Amino acid sequence: MLANSLTSLSELALINLIRQSALAYPALSALHILGIALLLGNILLLDLRLLGVLRQSALSDLFKLFSRLAGIGLLLAIGSGVLLFSVQPLQYLSNQAFLLKMLLLALALLNLLIVHLSRAWQQACSGGPVSNSLKLAAASSLLLWLTILFAGRWIAFV
């Protein structure tokens with residue numbers, strides 16, 4: 001049933017256009033990389049600030065900008081990633097690096113959700129101290145997102 005659904009997905013007109021176009025797939029790949037850059041660049045800066053490595057600015061001055069830019073990057077990366085996946089869904093689902101990337105992405109998004117719903121996050125964003133639990137979440141975030149980046153590149157080589 002999943003294979004039939006994925007085959008149907010890969011046969012959609014938009015996906016056929018992407019597959020047949022000389023420019024569409026590379027443009028989607030570039031958009032995916034742009035989304036990843038926006039996402040990771042801002043998450044890394046925010047996590048480094050939470051860990052105390054960057055001390056120049058108050059967290060409350062930075063968190064809205066970094067969070068919004070990371071959110072835009074996440075939407076670009078996921079949107080373009082779904083389209084890239086749709087071109088060869090069965091091949092991606094048999095690729096161990098892709099499966100690892102998806103598992104790590106789920107963990108990173110869960111970490112993100114837990115952090116943003118936490119009292120520690122709210123306190124830090126309003127100028128309060130950064131708790132040890134928030135620092136641990138920031139370190140986990142750094143590790144997860146960087147590992148996702150490596151797993152994503154690894155997809156082409158597996």
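It should be emphasised that the depicted structure is a prediction, and the values quoted were computed from it without experimental measurement.
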* **Connected via hydrophobic side-chain network under 4.5 Å: Leu45 and Leu144** => no
* To do: Using a 4.5 Å cut-off on heavy atoms from C-beta on, say whether the side chain of Val87 contacts that of Leu28.
  => no
* For Leu50 and Lys135, work out which heavy atoms get closest and say how close. => O-CG, 3.5 Å
* Look up atom CG in Asn4 and atom CG in Leu9, then write down how far apart they are to the nearest 0.5 Å. => 12.5 Å
* Closest approach of Ile155 to Lys101 (non-hydrogen atoms, all atoms of both residues) -> CD1-CD, 4.0 Å
* Is it possible for you to say whether Leu104 and Leu44 belong to one hydrophobic cluster, with membership spreading through side-chain heavy-atom contacts below 4.5 Å? => no
* Asked: Going by distance alone, is a donor N or O of one side chain under 3.5 Å from an acceptor N or O of the other, for Ser141 and Asp47?
  -> yes
* **Contact summary for Ala77 and Ser80, nearest pair of heavy atoms** => O-OG, 3.3 Å
* Asked: How many angstroms lie between atom CG of Leu76 and atom CD1 of Ile33, to the nearest 0.5 angstrom?
  -> 12.5 Å
* **Atom pair CG/CG of Leu31 and Leu84 - distance to nearest 0.5 Å** => 9.0 Å
* **Short side-chain to backbone donor-acceptor contact, Asn111 and Ala137, under 3.5 Å** => yes
* Asked: Is there a chain of hydrophobic side chains (I, L, V, M, F, W, Y, each step under 4.5 Å between heavy atoms) that links Ile78 to Met102?
  -> yes
* Verify the cluster assignment for Val115 and Leu112: are they in a single hydrophobic cluster under the rule of side-chain heavy atoms below 4.5 Å apart? => no
* CH2-CD1 distance between Trp121 and Ile114, expressed to the nearest 0.5 angstrom -> 14.0 Å
* What is the minimum heavy-atom distance between Trp145 and Leu109, and which atoms define it? -> CH2-CD2, 4.2 Å
* Residue pair Ser10 / Asn16: nearest heavy atoms and the distance that separates them -> O-OD1, 3.8 Å
* **Flag if over 12 foreign heavy atoms under 6.0 Å of CZ, Arg19** => yes
* **Distance, nearest 0.5 Å, that separates CG of Leu74 from CG of Leu105** => 7.5 Å
* With the 4.5 Å side-chain cut-off for hydrophobic clustering, are Leu99 and Leu90 part of the same group? -> yes
* **Residue pair Leu38 / Gly73: nearest heavy atoms and the distance that separates them** => CB-CA, 3.6 Å
* To do: Kindly indicate whether the side chain of Leu136, heavy atoms from C-beta on, has any atom under 4.5 Å from the side chain of Asn132.
  => no
* Leu142 side chain near Leu48 side chain, heavy-atom distance below 4.5 Å -> yes
* Is there a side-chain contact between Leu93 and Phe85 (heavy atoms, below 4.5 Å)? -> yes
* Asked: Is any side-chain heavy atom of Leu14 less than 4.5 Å from a side-chain heavy atom of Leu83?
  -> yes
* Structure fact -> The reported gap from CG in Leu23 to CD1 in Ile18 (rounded to nearest 0.5 angstrom) is 12.5 Å
